[in-house]
Amino acid sequence: MTNPDTTSANIIDKTFDPAEIEARLYRHWESTGAFRPARPDAKPFTIVIPPPNVTGSLHIGHALDNTLQDVLIRYHRLKGEDALWVVGTDHAGIATQMVVERQLAESTQAVTRQEMGRAAFLRTVWDWKEVSGGTITRQLRRLGASCDWSNERFTMDAGFSAAVTKVFVRLYNEKLLYRDKRLVNWDPKFKTAISDLEVETREVQGHFWHFRYPLADGVKLADGRDHIVVATTRPETMLGDMAVAVNAADARYASVIGKFVELPITDRRIPIIADDHADPELGSGAVKITPGHDFNDFEVGKRAGIAAADMLNIFDAEARVAACDGVPARLVGIDRFEARKTIVAEMEALGLLDRVEDKIVQMPYGDRSGVVIEPWLTDQWYVDAATLAAPAIAAVREGKTKFVPANWDKTYFNWMENIQPWCVSRQLWWGHQIPAWYADDGRVFVAETEAEAQAQAGNIVLRRDEDVLDTWFSSALWPFGTLGWPEQTPQLARHYPGDVLVTGFDIIFFWVARMMMQGIHFMDDVPPFATVYCHGLVRDAKGIKMSKSRGNVVDPLILIDKYGADALRFTLTAMESQGRDIKLDEKRIEGYRNFATKLWNAARFAQSNGIVGSTSAMPPAATAPVNRWIIGEVVETARALDAAMTAFRFDDYASTIYQFAWSRFCDWYLELTKPLLAEGADAGIAAETRAVTGWALDQILVLLHPVMPFLTEELWHKLGSRDHDLIVAAWPVTDARLVDADTAAEIDWLIRLVSEIRGGRAELNVSPAAKLPLHVRDADAATQARIRRQTPALERLARIAAISFEAAPAGGAAQIVVDAATYTLPLEGVIDLAAERARLEKAASAAEKEAAALSGRLASPGFTEKAKPEAVEKAREDLAARSSEATRLRAALARLG
RNA sequence: GGGCGCGUAGCUCAGCGGUAGAGCACUGCCUUCACACGGCAGGGGUCACAGGUUCAAACCCUGUCGCGCCCA
């Protein structure tokens with residue numbers, strides 16, 4: 001009924017073509033609502049996507065982040081849970097505004113947003129969003145992400161915007177949000193405040209200019225000098241100096257504290273103050289204080305009693321010198337870097353330039369604009385982050401939210417405990433406009449609508465705040481805003497809090513911290529997720545961070561084109577070992593593409609043998625040991641995968657299913673059952689084997705589906721007529737009673753015996769084509785029974801002609817020891833006796849060496865007394881086995897003569 | 001300066017108290033009727049170094065060296 005196959009026959013093609021399959025299956029899943037099956041009675045499982053920027057395109061980091069989320073969501077969907085992956089995009093205020101402004105500048109009209117006006121500009125941004133904003137969500141589909149697209153969200157949607165406004169108003173009314181004049185990181189290119197997290201500190205070669213500031217009123221230093229030397233990396237800021245600070249403990253300056261200097265160029269008198277910020281060990285020990293343009297100086301200024309409103313602001317929004325107390329008119333309007341040259345030249349001309357030295361300086365740059373950030377004194381809206389952080393810290397301390405790997409909680413605590421007031425206003429147009437209205441007299445009215453503000457204000461003219469909110473202010477509401485908050489929707493009741501947040505560790509400050517604060521505050525103290533899974537960065541094969549400028553970025557879409565989405569997903573999953581950075585080597589992807597092909601071919605083989613998918617999750621009844629064995633192996637594999645997923649060990653998950661599918665199922669089970677399916681074999685056993693193979697293959701498809709959804713869904717339908725898609729199939733039964741220890745032991749023995757015989761043959765250069773007779777010595781009744789049962793398998797896999805329990809004929813032979821029995825392959829005339837002697841000698845020595853080590857350990861006094869009883873018991877068993885093996889190998893050596 | 005982490009096979013990485021593992025690469029053999037994007041077999045590691053704890057250490061502790069990242 002839901003068969004997505006559009007080809008006429010269900011025959012598995014000789015070649016596996018990911019591109020065709022992926023496009024077809026994704027459309028099928030999405031159009032049939034498979035990503036969000038209705039399961040009202042099931043346990044909810046919820047992930048909210050870290051919303052990608054609407055301007056973005058899929059890079060390899062997204063591919064990793066979303067692959068992991070999809071593995072989780074598909075796994076939980078298969079487990080029968082009510083799995084919801086909330087998806088959507090973020091309006092990305094500054095990034096989007098930049099993109100659209102650039103397009104406008106490059107367009108034929110070459111128009112600026114100021115020329116257009118706010119309303120027209122915003123219409124243009126929305127138009128852009130409708131046309132180009134879907135890039136990344138289309139690309140997520142290429143990856144196979146099974147998100148709930150039917151409820152896709154955007155942070156600027158009406159409902160979400162209403163939530164943002166409500167949060168702003170509530171925080172304001174709770175006095176957790178306020179307007180204040182403080183220093184911000186000002187981006188003179190975009191003319192907006194930016195977050196300190198958007199400031200990138202770079203080391204650049206700069207200078208340290210030492211200026212002489214003349215002491216006022218004829219005062220002299222203890223050493224007789226009439227000036228104080230201060231050094232600065234930013235000479236132009238001297239125009240805004242409001243003090244010179246010295247350390248109270250510095251004897252050189254003790255006598256001048258409280259006196260004044262004549263600030264050159266400006267002819268302003270500024271005080272000499274005592275402050276611990278001045279380090280006697282650094283430079284002259286005296287520092288100029290520019291409270292309006294330096295974060296440290298701002299604090300010094302406040303300690304000295306200067307109110308923020310009185311601090312001098314010497315730059316305008318574009319960082320040009322502004323008209324200001326004492327600043328000469330000739331300097332007004334010139335750019336800050338020009339001003340620097342001018343000031344230095346003028347100081348030199350005044351004979352006040354003491355000296356200049358080269359200095360590496362830490363320079364703040366805007367991570368998007370690339371220009372030097374100016375600490376600037378402005379009125380902005382601030383959230384009292386410290387108050388909101390307290391319960392967010394407690395939630396992690398109390399284990400309500402866990403970081404995986406756990407050590408990220410240290411990073412979280414460190415940042416949260418030192419959190420600064422959060423500046424949430426931005427001087428942009430694209431974003432949530434701040435719901436604050438001003439009266440001409442400066443009064444502020446904060447309300448959800450203009451009408452409400454007007455009602456508060458009475459019959460006066462109001463003007464709305466032109467600024468918008470920081471994008472993170474809105475995305476902090478993502479875990480509940482996407483579920484309909486502030487409406488108390490059934491979705492919200494059911495899917496908040498989320499189970500897991502999957503994100504890069506680099507986003508802990510930006511986003512995780514903010515979601516924790518807002519989630520707890522607005523959702524009755526319930527943090528937004530139980531687990532925060534932090535993965536690492538994807539680097540190139542050499543371990544270098546990918547960047548456009550280095551040209552070492554790998555495009556996930558190109559990798560998908562080349563190897564298929566499944567191979568890329570498997571690679572990223574297999575390499576994800578709890579937060580460690582991933583060095584992505586294309587060879588690895590190629591290897592997992594090969595794995596996909598391997599499974600494809602195994603399914604082809606099964607199909608050509610009349611094997612079809614099972615109709616029941618329960619395994620078929622089985623009598624043959626190999627069938628009973630594989631059933632047990634499937635169950636144990638499913639249990640191991642459950643354990644891996646519970647522990648968020650994506651790498652374990654991938655390697656467990658890889659090993660099982662390839663090294664167990666393909667290499668052994670399919671080979672061991674070939675004789676059972678051959679012509680002339682027992683019809684009952686053949687039928688049982690077909691049923692078990694079909695069942696086991698089905699289970700592999702289910703178990704692998706979270707990582708390789710396309711290949712597995714395709715094979716699921718190729719192998720049988722199904723009444724549902726694999727994406728909504730049931731996880732295998734994991735009943736331990738399905739594991740039969742006796743058959744497991746028998747197949748384990750068989751595998752060891754075949755491997756030993758193969759090894760011996762290869763080492764002795766016996767032609768792979770030659771079929772040899774096998775003589776068994778010292779086999780007990782149980783072993784003889786096993787040999788009889790497994791004769792067809794031994795004949796095929798070990799290339800044995802006939803098995804005899806009679807003594808081998810005299811003469812050269814290869815001898816194999818497995819457990820208590822010795823197996824002889826007569827090779828009179830062809831065997832290299834020396835080589836066989838060497839082989840046996842090597843094996844005997846190894847066994848003896850190990851036996852000696854074990855008996856040494858058992859003889860040591862402390863071991864048997866202090867070690868765990870299991871460890872002692874195991875050592876005894878191992879010793880017995882190794883000694884026995886050594887004895888038999890020595891006997892074999894003796895027989896060889 | 002503070003914090004986090006990493007140094008295990010040629011490469012990329014698991015393992016984190018009981019005899020060293022995987023994938024890739026490498027070597028030999030194999031056109032065996034699912035698969036050469038394959039099969040079979042094999043070589044390769046004083047687990048950075050030095051001390052210590054322990055009956056037992058790649059794994060725990062201390063220090064040294066080397067390499068990252070974050071914050072100031």
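Source: prediction; values computed, not measured. Residue numbering restarts at 1 for every chain, and letters A, B, ... go by the order of the sequence lines.
Remark: C1' of B:A25 and CG of A:Asp585 are 10 Å apart, rounded to the nearest angstrom. Atom CG in A:Leu584 sits roughly 16 Å away from atom P in B:C24 (whole-Å rounding). Atom CE of A:Met416 is separated from atom C1' of B:C71 by 16 Å (rounded to the nearest Å). A straight line from CD of A:Glu586 to P of B:G23 spans 21 Å, rounded to a whole angstrom. In this structure, A:Leu858 atom CG and B:A56 atom P are separated by 15 Å, rounded to whole Å. Atom-to-atom, OH of A:Tyr592 to P of B:U12 comes out at 15 Å; the value is rounded to the nearest Å. B:C30 atom P lies 19 Å from atom CD of A:Glu671, rounded to whole Å. Between the P atom of B:A36 and the CG atom of A:Asn594 lies a distance of 11 Å, rounded to the nearest Å.
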Please list, pair by pair, any protein nitrogen or oxygen found under 3.5 Å from a nitrogen or oxygen in nucleotides 19-22 of chain B.
unit_1	atom_1	unit_2	atom_2	d
B:U19	O2	A:Glu850	OE1	2.9
B:U19	O2	A:Glu850	OE2	3.4
B:U19	N3	A:Glu850	OE1	2.3
B:U19	O4	A:Glu850	OE1	3.4
B:A22	O3'	A:Gln659	NE2	3.4

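Looking only at side-chain heavy atoms (C-beta outward), A:Ile657 and A:Phe570 come within less than 4.5 Å of each other. In this structure, the side chains of A:Glu576 and A:Arg649 stay at 4.5 Å or more apart for every pair of heavy atoms. At a threshold of 4.5 Å between non-hydrogen side-chain atoms, the residues A:Phe595 and A:Met708 count as touching. The shortest side-chain heavy-atom distance between A:Trp600 and A:Phe605 does not fall under the 4.5 Å cut-off.
Comparing atom distances between the A:Lys866 side chain and each of B:A14, B:C55, B:A41 picks out B:C55 as nearest. Side-chain proximity of A:Lys587 to B:G18, B:A41, B:C24: nearest is B:C24. Closest contact between the side chain of A:Phe509 and the listed nucleotides B:C71, B:G15, B:A34 involves B:C71. Minimum atom distance to the side chain of A:Asp652 is reached by B:A14, of the listed B:A14, B:A34, B:C55.
Under the 6.0 Å distance and 45° angle rule, A:Arg690 does not count as a cation-pi partner of A:Trp695. By the 6.0 Å and 45° rule, A:Arg857 stacks over the aromatic ring of A:Phe863. Cation-pi geometry between A:Arg664 and A:Tyr669 is not met: the NZ or CZ atom fails to fall both under 6.0 Å from the ring centre and inside 45° of the normal.
Comparing A:Ser608 and A:Val754 by the nucleotide of RNA chain B whose heavy atom lies nearest to each, the residue mapping closer to the 5' end is A:Ser608. Position along RNA chain B of the nearest nucleotide to A:Pro768 versus A:Arg799 favours A:Pro768 as the more 5'-ward residue.
For B:C13, the OP1/OP2 oxygens have a side-chain nitrogen or oxygen of A:Lys583 closer than 4.0 Å. Listed pair A:Ser577 / B:C13 fails the phosphate criterion, with no side-chain N or O lying under 4.0 Å from OP1 or OP2. Contact annotation: A:Trp662 side-chain N/O to B:G39 OP1/OP2 distance is under 4.0 Å.
Base pairing annotation: B:G51 forms a Watson-Crick or G-U wobble pair with B:C61, both donor-acceptor distances under 3.5 Å. Across all strands shown, B:G5 forms a Watson-Crick or G-U wobble pair with B:C67, both key distances being under 3.5 Å. If you check B:G44 for Watson-Crick or wobble pairing at under 3.5 angstrom, you find it has no partner at all. The pairing partner recorded for B:C24 is B:G10, the criterion being a Watson-Crick or G-U wobble arrangement whose two distances lie under 3.5 angstrom. Using the Watson-Crick or G-U wobble rule with both distances under 3.5 Å, B:G17 pairs with nothing in any strand shown. For B:U32, there is no paired nucleotide, since no Watson-Crick or G-U wobble pair has both relevant distances below 3.5 Å.
A:Asn407 comes within 4.0 angstrom of sugar-phosphate atoms only, judged by non-hydrogen atoms across all strands, and of no base. Note on A:Gly591: nothing from the nucleic acid sits closer than 4.0 angstrom, heavy atoms only. Residue A:Lys842 is classed as a sugar-phosphate contact, given heavy-atom separations below 4.0 Å to backbone atoms only. Counting any heavy atom pair closer than 4.0 Å across all strands shown, A:Arg758 reaches sugar-phosphate atoms only and no base atom. Heavy atoms of A:Lys410 sit under 4.0 angstrom from primed sugar atoms or phosphate atoms, though from no base atom. At a threshold of 4.0 angstrom between heavy atoms, the contacts of A:Thr597 include nucleobase atoms, whether or not backbone atoms are also involved. Base engagement by A:Ala867 is indicated by at least one non-hydrogen atom pair under 4.0 Å involving a base atom. A:Lys674 comes within contact range of at least one nucleobase, with a heavy-atom separation under 4.0 Å. Using a 4.0 Å heavy-atom cutoff across all strands shown, A:Lys598 reaches at least one base atom of the nucleic acid. Nucleic acid contact class of A:Lys14 (heavy atoms, under 4.0 Å, all strands): sugar-phosphate only. Residue contacts for A:Asp667: at a heavy-atom cut-off of 4.0 Å it reaches the sugar-phosphate backbone alone, with no base atom in range.
Spacing of P atoms, B:C55 relative to B:C67, comes out at 38 Å, to the nearest Å. Separation of the P atoms belonging to B:C70 and B:C11 is 26 Å when rounded to the nearest angstrom. On the P atoms, B:U46 is 26 Å away from B:U53, given to the nearest whole Å. Only the C1' atoms considered, B:C40 is 14 Å distant from B:U31, to the nearest whole Å. Taking the C1' atom of each, B:U12 and B:G7 are spaced 14 Å apart, rounded to whole Å. For the P atoms, the distance linking B:C65 with B:G44 amounts to 35 Å, nearest Å. Spacing between B:C60 and B:A14 at atom P, rounded to whole Å, works out to 15 Å. B:C69 and B:G17: their C1' atoms are spaced 30 Å apart (whole Å).
A distance of 6.0 Å or more separates the ring centres of A:Trp408 and A:Phe403. The six-membered or imidazole ring of A:Phe505 lies away from that of A:Tyr412, with a centre-to-centre distance of 6.0 Å or more.
No more than 12 heavy atoms of other residues, nucleotides or ligands sit less than 6.0 Å from atom CG of A:Asp276.
Checked against A:Asp878 for a side chain to side chain donor-acceptor pair (under 3.5 Å), the options A:Arg882, A:Arg876, A:Lys874 give a single hit: A:Lys874.
Not a single donor-acceptor pair, N or O on each side, falls under 3.5 Å between the base of B:A41 and the side chain of A:Glu756.
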